[in-house]
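Down below is the structure, laid out as structure tokens.
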Amino acid sequence: MASPAQEATAALLQAAHAYTHTRWKIRRREIYQCSDRSYLLRLQGRTGTYNYLVQLAELVHDSAAEPVDPAIS
């Protein structure tokens with residue numbers, strides 16, 4: 001059974017493979033692995049080449065979230 005981190009990394013790579021742009025047809029897709037948690041996605045369309053950096057990140061703070069411990073504010 002895979003750990004949550006391994007599952008998230010696999011989902012990130014799947015998202016890079018599956019990403020499509022709605023305005024133009026993709027003629028070529030290149031995926032470069034920058035690290036274990038980031039990929040550079042280069043898409044070539046009819047009129048240009050577009051680069052996207054997709055990274056896996058963990059939310060460590062959200063000021064809008066309710067605190068778990070009421071003593072922490």
Side-chain angles (χ1 to χ4, degrees):
M1 187 167 163
S3 71
Q6 291 170 327
E7 290 176 4
T9 302
L12 176 68
L13 184 56
Q14 178 60 31
H17 280 283
Y19 179 80
T20 58
H21 197 282
T22 58
R23 294 186 177 252
W24 38 267
K25 180 181 176 183
I26 297 171
R27 294 179 180 220
R28 182 175 180 189
R29 174 188 310 265
E30 297 171 285
I31 301 174
Y32 298 91
Q33 184 173 6
C34 302
S35 71
D36 290 340
R37 299 173 62 119
S38 66
Y39 295 93
L40 175 67
L41 176 59
R42 179 177 288 160
L43 302 177
Q44 293 179 4
R46 185 173 57 97
T47 59
T49 300
Y50 305 90
N51 297 305
Y52 300 94
L53 181 63
V54 290
Q55 297 180 327
L56 183 62
E58 178 182 2
L59 177 63
V60 295
H61 176 74
D62 182 355
S63 63
E66 293 290 325
V68 176
D69 184 0
I72 299 174
S73 42

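As the structure is a prediction and not an experimental result, all values here were calculated from the model. Heavy-atom basis, side chains included; hydrogens, waters and symmetry copies ignored.
Clustering of Ile, Leu, Val, Met, Phe, Trp and Tyr by side-chain heavy atoms under 4.5 Å joins L53 with none of the others. In the hydrophobic clustering, V60 connects to no other residue, as no ILVMFWY side-chain heavy atoms lie under 4.5 Å from its own.
Scanning for side-chain contact (heavy atoms from CB on, under 4.5 Å) contacts around A2 gives Q6, E7, with sequence neighbours left out. R28 pairs by the side-chain contact (heavy atoms from CB on, under 4.5 Å) definition with E30, Q44, not counting sequence neighbours.
Cluster annotation: I26 is not connected to L40 through the hydrophobic network of ILVMFWY side chains, with a link wherever side-chain heavy atoms come within less than 4.5 Å.
Around CG of D62, the count of heavy atoms belonging to other residues, nucleotides or ligands within 6.0 Å exceeds 12.
Residues in residues 50-59 take part in these side-chain hydrogen bond (donor to acceptor under 3.5 Å, both in side chains) pairs, two or more places apart or across chains: R42-N51.
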Could you go through residues 10-19 and list every donor-acceptor pair under 3.5 Å that involves a side-chain atom there, pairing it with any protein atom two or more places apart or in another chain?
none

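Side-chain contact between K25 and R46 is absent, with no heavy-atom pair separated by less than 4.5 Å. Side-chain contact between L56 and T9 is present, with heavy atoms from C-beta onward closer than 4.5 Å.
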